[in-house]
Each structure stands twice: as structure tokens, then as C-alpha cells.
Novice: 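Here it is, the structure in full.
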Amino acid sequence: MPKTAPPRTYRVKSFGCQMNVYDGERMAELLGAQGISPAPEGEEADLVVLNTCHIREKAAEKVYSDIGRIVKEGRRDGGEAPMIAVAGCVAQAEGEEIMARAPAVSMVVGPQAYHRLPDMLARAVEGERVTDTDMPAETKFDALPARRKVGPSAFLTVQEGCDKFCTYCVVPYTRGAEVSRLFADLIEEAARLTGAGAREITLLGQNVNAWAGEDGRGRAIGLDGLIRELAQMPDLARIRYTTSHPADMTEQLIAAHGEVEKLMPFLHLPVQSGSDRVLKAMNRSHTADGYLRVLERVRAVRPDIALSGDFIVGFPGETEAEFEETLSLVDAVGYAQCFSFKYSARPGTPAAEMEGQIAAQVMDERLARLQQALNRHQLAFNTASLGKTCEVLVERAGRHAGQMLGKSPWLQSVHFTGDAQIGDMVRVELAEAGPNSIGARLLEPAAA
Ligand code: SAH
Ligand code: SF4
Ligand code: F3S
């Protein structure tokens with residue numbers, strides 16, 4: 001590649017899970033520390049970072065179409081196309097292929113190596129094409145600049161990687177083994193986040209409830225201990241965590257749901273299928289019944305908890321009867337919200353080699369039936385919450401004049417009209433239920 005001028009503006013586009021959103025923010029801060037500014041809305045950036053997701057085939061294919069579009073749009077404006085960096089899980093999984101297939105890409109950087117972006121950038125400016133998909137022993141977090149400016153609701157990655165090796169999933173390969181960040185580092189980052197304006201922190205991990213560490217006094221603690229410690233921070237009003245695995249729902253974490261007031265009544269606990277045969281073939285370490293028993297214990301200590309999950313339809317060999325077991329589980333739980341996906345065969349995973357791959361039409365039909373059931377439960381949950389008064393953390397302005405948007409404790413999107421600022425915690429009465437959001441009446445501004 002020819003030498004180029006160092007970029008003055010950047011844009012980071014993140015796809016996939018919340019951890020990618022978090023990584024995207026950290027990469028933006030890193031570029032900011034190099035004196036590069038975010039490109040103004042609607043203007044082309046000198047450097048585009050595509051922070052990619054590899055979880056399903058469609059997500060991965062998107063990278064190549066995005067690269068093509070960026071190049072084309074750059075040329076249309078008559079100038080040089082922006083410098084392109086591909087980061088995230090596709091970079092990790094297919095770094096070499098990206099370099100071979102997409103000559104417009106200058107940098108490929110994996111999720112555990114992005115703290116090295118400034119060095120890579122210096123080399124790219126000299127005309128080199130640079131790939132770094134190492135999973136170095138040093139942690140990237142130590143090399144990242146401190147957090148400065150965040151919204152009222154912020155993410156904090158506490159754990160990364162996965163050792164579970166579900167047979168359909170790429171995450172253990174793209175993110176590496178389970179690693180917990182150090183307690184002291186997390187307390188410090190949380191303090192920075194609240195100092196920068198966060199009132200709610202969502203603790204992130206691929207298996208966040210596998211987090212383990214030592215507290216300030218050297219005692220071994222799990223995620224519940226970290227949550228209890230964070231709950232002591234006066235400026236922090238709300239704590240959430242995601243995504244958790246049923247096998248790591250400890251007794252203490254369940255108890256925390258009944259005891260820690262700042263821990264919001266919401267639990268995202270993916271199950272994937274209601275069939276024990278399918279769960280076994282997926283290498284999920286739980287049965288449908290085991291999963292339901294965990295939820296029962298959580299409900300016993302926190303009866304109003306809103307439950308959420310992830311589902312895959314059309315896993316290889318899934319029969320109609322097995323799919324119906326998933327529908328029964330959905331009805332047994334009564335989820336507040338859920339994510340559901342068609343199985344996507346991922347290169348290098350054991351399930352991609354299994355017999356009995358399911359036809360696309362069958363998957364479409366099952367997904368439609370599942371989503372119908374999930375939507376019904378979501379609306380029922382929202383309808384059942386009408387008349388409740390609760391606090392809403394105001395996150396942004398709505399589309400209509402005077403309208404503000406935020407989240408209820410149960411993670412419902414709430415909109416209301418009234419005098420409130422972003423970052424306020426207000427008291428509302430939930431008044432009108434839609435499938436995806438709730439209309440509320442502002443009662444009074446709650447104590448700040
Ligand atoms: N660590 C989390 C989430 C991992 S990815 C967990 O274990 O639950 C998020 C979701 O994507 C998964 O829960 C699963 O429902 C879905 N998913 C993962 N791999 C998939 C694949 N190959 N095809 C379709 N959906 C997939
Ligand atoms: Fe993937 Fe399973 Fe690990 Fe979740 S627990 S990230 S689905 S391998
Ligand atoms: Fe996607 Fe990687 Fe997250 S594959 S879901 S961005 S961990």
C-alpha cells in the first residue's frame with residue numbers, strides 16, 4: 001500500500017454483542033488519545049474501524065460488503081478511500097482471509113490485541129499492511145487510557161473468553177479462554193465510570209458469572225462479591241450483568257438477587273433449547289429441568305425478576321417434537337424478553353460437521369413459531385407491569401417533542417413526556433404497554 005497521511009478523524013462501527021460495543025468505546029478512546037477525533041456525523045472519516053462479529057454466517061459476511069461500500073463511497077467523493085481496520089471476532093477468526101480477499105484493508109486486529117492499535121497505525125501510515133491476532137499474556141486493559149466520558153448507562157467488561165465449547169459456537173476460538181479481570185482494576189474503572197457520569201453499570205462477560213477474584217482483603221470472591229462491593233459506591237444507582245451461563249449460577253449469586261437492592265431484577269440466562277437430547281448434542285452442561293430449577297430459585301428470592309434467554313432453532317438433528325419441547329419451556333418460563341436465532345453452521349465448530357443439518361425453510365418456520373410465542377410472553381409481561389410505579393434512568397431524548405426514553409428496573413424501554421434530563425432517575429407509573437416498549441406517566445423527579 002502507498003504511504004498515507006496520518007488519519008485525523010476516525011469512526012468505529014461495532015457489530016455483535018455488548019462486549020464489542022465496550023471494545024469499540026475503548027478503541028475510540030485509544031484513538032482519541034493519539035489526537036485523532038471522531039468524524040462529525042454525516043462526514044466521512046479518515047480511518048474506519050469495523051469491529052466485527054463472527055457468531056453467525058450473516059454477521060461475518062457483512063464485513064466484506066461493508067468494506068466494499070466504504071471503498072466505493074470514498075471514491076465517489078473524489079478523494080481517497082478511508083483507511084480501514086478490521087477488528088473484533090471476524091478479524092480473529094479470518095484475519096488472513098480478510099487480508100487476501102480485501103486489499104483495501106490496512107489493519108486486522110483481534111479482540112485481545114487492540115491496545116496495540118497505535119503501533120499498528122504508525123506502520124500502516126508507512127504503507128505496511130498489519131495483522132495482529134495474538135492473544136498476549138499481558139492484558140490489553142492495562143494499556144488502555146482511562147475512561148473519561150460515558151452515558152448514564154455504561155458497560156464494564158469484567159470477564160472475557162469462554163471455556164464451555166458449546167458445539168455450535170465460535171466464541172471460545174475468537175475470544176480465547178476464560179479470564180477474569182482483577183478486582184482492584186474493576187473497582188477503579190467503575191469509579192472512573194461513575195465519575196464520568198454513569199449511574200448504571202452493566203458488568204459484561206461471555207460467561208460473566210464465571211468471574212472470580214480476590215477482594216481488597218485477599219478473600220476469594222465470585223461475581224456476587226464483586227456486585228456487593230460495587231453496590232457500596234454511593235454514585236452508582238444500578239448494577240446489571242450479562243451474559244451468564246446456567247452452570248455458573250451459584251447459590252451466592254442467586255442470593256444476591258434477593259439482598260442487593262442496586263442489583264436490578266433482570267436475569268439474562270440463555271438456555272438454547274428445551275430438549276435434553278439437543279442440549280447434550282450442543283454440549284450445554286445442563287438439562288431443561290436443571291435450567292428451570294435455577295430460575296425457580298431466583299424467583300424464590302426475587303419474585304418480580306424479569307427473565308430473558310437465548311434460543312437456537314434448527315440445531316442439527318432437531319426434530320419437530322424436540323422443537324416443541326423448546327416451545328413448552330418458553331411457556332413454562334414466561335420470559336420478559338428473549339433473543340432467538342436460526343442455527344448457523346460455523347466453520348471449525350463440531351456441530352458444523354454433524355449429520356442432520358436442517359433445511360432453511362424448516363428453520364424459518366420454527367423461528368417464526370418461536371418468536372410468536374416469545375412476543376406473546378413479552379407483551380404479557382409488559383401488560384402485567386401496568387400500574388406499577390418504578391424508577392426510570394433517563395438515557396436519551398425521544399423522537400417527539402418533550403419525550404424522554406429510559407429503562408425500567410426490568411429493562412423495559414420506557415418513554416414519557418415531561419421535565420427530565422439525561423442521567424436523571426425519575427419516578428414513573430407504567431401506563432401503556434406495547435410489545436417493545438412501555439408508555440409511562442412522570443410522577444415526580446426522584447431524589448438525585
Ligand atoms: N456466552 C453467551 C452468549 C454467546 S453468543 C452464552 O453462552 O449464552 C449469543 C448467542 O448467540 C448464544 O446464546 C446463541 O443463542 C447464539 N449463537 C451462538 N452460536 C450460534 C450459531 N452457530 N448459530 C446460531 N446462533 C448462535
Ligand atoms: Fe458460546 Fe457456549 Fe461459550 Fe456461550 S457458553 S460463548 S454459547 S461456547
Ligand atoms: Fe460476536 Fe464475538 Fe460477541 S462473535 S457475539 S462479537 S464475542
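Remember, it's 1-based here, ligands and their atoms both numbered in the order they're listed.
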Novice: State whether the side chain of W410 and the backbone N or O of D304 hold a donor-acceptor pair below 3.5 Å, judged by distance alone.
Specialist: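 Yes, the answer is positive, given that a donor and an acceptor are paired below the 3.5 Å cut-off.
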
Novice: Is the closest N or O pair between Q206 and ligand 1 shorter than 3.5 Å?
Specialist: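 Yes, since at least one N or O of Q206 sits under 3.5 Å from an N or O of ligand 1.
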
Novice: For ligand 1, which is the ligand I care about here, please tell me if R346 has any N or O atom under 3.5 Å from one of the ligand's N or O atoms.
Specialist: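 No, there is no polar N/O contact under 3.5 Å.
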
Novice: Quick check: does C166 put an N/O/S atom under 2.8 Å from atom 1 (Fe) of ligand 2?
Specialist: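 So C166 does not count as coordinating atom 1 (Fe) of ligand 2.
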
Novice: Taking only heavy atoms of R284, which atoms of ligand 1 are found under 4.0 Å from at least one of them?
Specialist: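 Listed by number with element: 7 (O).
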
Novice: Indicate yes or no: does an N/O atom of Q272 lie under 3.5 Å from an N/O atom of ligand 1?
Specialist: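 Yes, at least one N or O pair falls under 3.5 Å.
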
Novice: Does some non-hydrogen atom of Q92 fall short of 4.0 Å from ligand 3?
Specialist: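 No, Q92 has no heavy atom closer than 4.0 Å to ligand 3.
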
Novice: For atom 2 (Fe) of ligand 3, what is the nearest protein heavy atom, given as residue, atom name and distance?
Specialist: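 Atom 2 (Fe) of ligand 3 sits closest to the protein heavy atom C89 SG, 2.2 Å.
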
Novice: Please report whether ligand 1 has a polar contact with S244, defined as an N or O pair separated by less than 3.5 Å (distance criterion only).
Specialist: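 Between S244 and ligand 1 (N or O atoms, distance only) the closest approach is not under 3.5 Å.
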
Novice: Does Q206 have a heavy atom less than 4.0 Å from any atom of ligand 2?
Specialist: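 Flag not set, Q206 not near ligand 2.
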
Novice: Taking both backbone and side-chain atoms of H245, is any N or O found less than 3.5 Å from an N or O belonging to ligand 1?
Specialist: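 N/O-N/O distance under 3.5 Å: no.
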
Novice: Which atoms of ligand 3 sit under 4.0 Å from any heavy atom of H54?
Specialist: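 Near H54, the atoms of ligand 3 are 1 (Fe), 4 (S).
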
Novice: Does ligand 2 have any atom sitting under 4.0 Å from a heavy atom of R284?
Specialist: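 So R284 counts as touching ligand 2.
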
Novice: Please verify whether a non-hydrogen atom of M19 lies at under 4.0 Å from ligand 3.
Specialist: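 For ligand 3, residue contact (heavy atoms, under 4.0 Å) with M19 is absent.
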
Novice: Provide, to 0.1 Å, the distance between atom 1 (Fe) of ligand 3 and the closest protein heavy atom, together with that atom's residue and name.
Specialist: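 Result: C53 SG, 2.4 Å.
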
Novice: At under 4.0 Å between heavy atoms, is it the side chain or the backbone of S344 that contacts ligand 1, or both, or neither?
Specialist: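 For S344, the contact with ligand 1 is made by both the backbone and the side chain.
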
Novice: With a 4.0 Å cut-off, strictly under, does atom 4 (C) of ligand 1 pick up any protein heavy atom?
Specialist: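 So atom 4 (C) of ligand 1 lacks protein heavy-atom neighbours under 4.0 Å.
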
Novice: On a heavy-atom basis, I'd like to know which of V171, T243, T349 is closest to atom 6 (C) of ligand 1.
Specialist: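 Among V171, T243, T349, the closest heavy atom to atom 6 (C) of ligand 1 comes from T243.
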
Novice: Go through ligand 3 atom by atom and flag the ones less than 4.0 Å from a non-hydrogen atom of Q206.
Specialist: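 With Q206 as reference, the close atoms of ligand 3 come out as 7 (S).
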
Novice: Can you tell if the side chain of R346 reaches within under 4.5 Å of the side chain of Y168, non-hydrogen atoms only?
Specialist: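 Answer no - side chains too far apart.
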
